[in-house]
Student: 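Okay, here's the structure, questions in a sec.
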2 protein chains.
Amino acid sequence: MTPNKTTLSTIAKDLNVSVSTVSKALANSPEISSKTRKKISAYAKESNYSPNILASSFRKGSTKTIGLIIPNITNPFYAKVFVGIEKYLDEKGYKLIASISNDYLEKEIKNISIMSSGFVDGLIVCVSKEAEQKKEYRHINSLINNRIPLILFDRVCDEIYCDKVITDNFQAALDATEYLIKHRKCRHIVMTSKTNNLHHLKLRKKGFEQAIDKHKATVKSSIILAEKSNILRQKLENALRDDSSIDGVFGLNEKSVLHATLSINKLKKTDKEVSITGFCNDLQSKYNSSLIVINQNPKEIGKESARLLLDRIKSGNLISDFCTKIIDVDLT
Amino acid sequence: MTPNKTTLSTIAKDLNVSVSTVSKALANSPEISSKTRKKISAYAKESNYSPNILASSFRKGSTKTIGLIIPNITNPFYAKVFVGIEKYLDEKGYKLIASISNDYLEKEIKNISIMSSGFVDGLIVCVSKEAEQKKEYRHINSLINNRIPLILFDRVCDEIYCDKVITDNFQAALDATEYLIKHRKCRHIVMTSKTNNLHHLKLRKKGFEQAIDKHKATVKSSIILAEKSNILRQKLENALRDDSSIDGVFGLNEKSVLHATLSINKLKKTDKEVSITGFCNDLQSKYNSSLIVINQNPKEIGKESARLLLDRIKSGNLISDFCTKIIDVDLT
DNA sequence: CTGAAAGCGCTAACAT
DNA sequence: ATGTTAGCGCTTTCAG
């Protein structure tokens with residue numbers, strides 16, 4: 001019933017040549033005369049031969065495949081990082097396989113261990129919320145110990161020695177906040193965020209605070225936090241209604257910006273009255289053209305991560321000269 | 001420098017047992033005494049052993065990995081299908097690897113051929129726009145000929161014989177349009193869409209038209225098409241401004257709904273004046289709570305696709321009894 | 001209970 | 001230009 005799979009050896013038998021001749025012919029080796037090469041290629045195509053990549057990767061000890069571990073694929077930031085990585089790898093003849101941790105440590109450990117046990121030549125990782133909050137990095141360090149080429153992006157930590165690709169969260173937050181102050185003449189800016197203690201969010205908060213501090217003579221600030229999106233939005237709407245001095249909102253992450261926009265809309269405030277900025281990589285959400293947001297250039301982050309990884313793999317040096325690349329943001 | 005990788009055979013040597021004993025012990029085979037089993041497990045952990053999955057998959061002829069090919073990961077519909085598949089497979093001890101075609105045929109062919117050449121035990125595919133438009137399905141049919149278990153979802157075609165998971169696009173469009181007519185009392189509904197001739201979009205259009213036809217005594221319709229999002233939006237805004245009889249918009253896909261919402265917002269129309277509906281799987285976009293959209297339940301589509309695929313793999317029957325599963329939508 | 005041995009399909013050094 | 005051979009790490013009969 002199932003047609004017997006064609007392999008190098010079945011072709012060899014059928015054509016009365018050796019397996020190695022077939023192998024070399026199909027690899028277009030100049031060792032083989034063009035006549036037999038053509039004959040073999042033709043027969044291979046005809047008999048629907050497709051090489052067993054597993055066998056070949058196994059033999060060669062390399063899969064030409066890179067693994068990506070991300071917390072969440074529905075967040076446009078990660079989705080675009082994915083795209084950036086994919087594109088670069090494709091150009092370089094590498095494949096990409098992805099797994100999502102859903103921000104759970106256990107899932108992340110499992111996915112990493114599966115991938116690193118032979119499936120991939122290297123890994124690009126953004127650690128889960130849980131891993132970062134618990135400061136649980138043993139699984140990451142074990143990759144390094146096992147000499148698995150590794151790039152960390154976005155959520156990184158100083159305790160891990162490897163190449164990293166990040167945004168300058170502090171500076172970006174500072175710049176965007178100052179933009180509100182200088183160009184939009186905001187005098188009371190609310191920072192909104194989900195409550196959580198992720199490192200990069202802390203940096204963003206510091207950037208915001210520093211900007212406020214620089215202009216403390218004329219500008220005041222408030223902070224609105226909530227665990228859940230709808231609560232956050234409710235709190236913001238209340239604040240906007242109750243305190244008419246609020247004329248700016250700084251959203252610490254994707255969702256905060258989105259919800260701020262929606263709240264303003266709902267209250268029928270114009271962007272003259274309340275200006276919004278924040279971290280937002282989803283230009284679709286930027287439907288108000290006067291809205292200026294921080295675009296982290298996720299595709300560039302992906303591309304750079306992939307580039308660093310392939311460089312590292314090529315160099316063979318897996319233990320020193322690690323670098324941390326900062327990708328510039330756009331205020332768009 | 002690089003620590004010699006521990007393998008079954010290094011463990012065997014170190015412990016003065018045979019390779020097969022180690023293999024069985026680590027697989028918790030009852031053939032091995034619990035004493036040696038413990039000794040071997042302990043030593044394996046201590047020496048940081050991680051099995052070479054490539055070798056094992058190669059040997060066993062199965063990778064316990066499923067491949068997913070999607071056109072685009074930044075579309076929330078596909079992102080959520082991804083999540084649904086991932087979750088189900090995880091529960092069943094399978095892994096998922098994903099590739100995106102960017103809606104290009106060439107990319108899709110390449111990804112499928114890589115994956116199907118040993119990396120995966122089965123494939124879940126949503127064909128690229130280009131493949132559908134060119135009706136180029138040879139690469140898909142070659143999977144079937146090669147007995148690679150395959151599920152198609154969302155964009156499917158009758159000419160391919162395999163299991164499929166779809167939305168009843170016609171019915172969903174009809175219901176949503178009737179909702180506008182009956183519950184929102186709309187009397188002039190505009191259908192907006194990117195110009196393109198994808199099969200599932202045609203079905204949606206037919207559903208819309210049928211609803212209009214059913215109520216043709218009292219309801220009229222218009223159609224606005226454009227290649228690019230911003231043009232589409234511009235056209236819609238013009239129409240809304242020029243023709244005050246328009247009181248409903250039906251968006252044929254994710255972006256159409258989004259842009260309709262934005263346009264209405266920009267024109268400061270209330271949802272009393274103009275009601276919107278359409279296909280939209282991104283609840284974030286549904287920031288107007290009175291907006292009722294068609295949620296295709298993408299996670300469910302993913303789950304069902306994965307379930308059908310594993311069933312098919314288990315059954316071993318790769319040539320008959322194919323089914324097409326329709327996943328119910330929600331009007332939310 | 002443990003071991004010996006074959007072999008999955010492919011590549012690559014080493015003949016010829 | 002073509003063939004021979006060894007072996008990647010693992011699983012799995014089959015023997016002991």
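Within every chain, numbering begins at 1; the chains are lettered A, B, ... in the order of the sequence lines, protein sequences first and strands thereafter.
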Student: How about B:Lys110: does its NZ atom have over 12 heavy atoms from other parts shown lying under 6.0 Å from it?
Tutor: yes
Student: Tell me the interatomic distance from B:Leu8, atom CG, to D:dG7, atom P, rounded to whole angstroms.
Tutor: 18 Å
Student: Who are the salt bridge (charged side-chain N to carboxylate O under 4.0 Å, His left out) partners of A:Glu91, not counting sequence neighbours?
Tutor: A:Lys87
Student: Mind listing the residues from residues 32-52 of chain B sitting with a heavy atom below 4.0 Å of DNA chain C? Number order is fine.
Tutor: B:Ile32, B:Ser33, B:Thr36
Student: Let me know the distance between CZ of B:Phe58 and P of D:dG9, rounded to the nearest Å.
Tutor: 13 Å
Student: Using a strict cut-off of less than 4.0 Å between a Lys/Arg side-chain nitrogen and an Asp/Glu carboxylate oxygen, indicate whether B:Glu304 and B:Arg307 qualify as a salt bridge.
Tutor: yes
Student: Are the side chains of B:Lys24 and B:Thr36 in contact, using a 4.5 Å heavy-atom criterion?
Tutor: no
Student: Using the closest heavy atom to pick a nucleotide of DNA chain C for each, name whichever of B:Lys60 or B:Asn16 lands nearer the 5' end.
Tutor: B:Asn16
Student: Among the candidates C:dG9, D:dG9, C:dA13, find the nucleotide nearest to the side-chain atoms of A:Thr7.
Tutor: C:dG9
Student: Determine which pairs satisfy ring-ring contact (aromatic ring centres under 6.0 Å, His included) with at least one residue from residues 11-65 of chain B, sequence neighbours left out, and list them in order.
Tutor: A:Phe58-B:Phe58
Student: When you measure from the side chain of A:Arg155 to the backbone of A:Val127, do you find a donor-acceptor pair of N or O atoms at a distance under 3.5 Å?
Tutor: yes
Student: Compare the minimum distances between each of D:dG9, D:dG3, C:dC10 and the side chain of A:Ser18, then state the nucleotide with the smallest one.
Tutor: D:dG3
Student: In this structure, how many angstroms lie between the P atom of C:dT2 and the NZ atom of B:Lys24, rounded?
Tutor: 10 Å
Student: Do the side chain of A:Ser20 and the base of D:dG3 come within less than 3.5 angstrom through a donor-acceptor pair of N or O atoms?
Tutor: yes
Student: Which whole-number value in Å describes the distance from A:Phe119 CZ to D:dC10 P?
Tutor: 14 Å
Student: Select one nucleotide: of D:dC10, D:dG3, C:dC10, the one nearest the side-chain heavy atoms of B:Ala55.
Tutor: D:dC10
Student: Rounded to whole angstroms, how far apart are CG on A:Leu26 and P on D:dT2?
Tutor: 14 Å
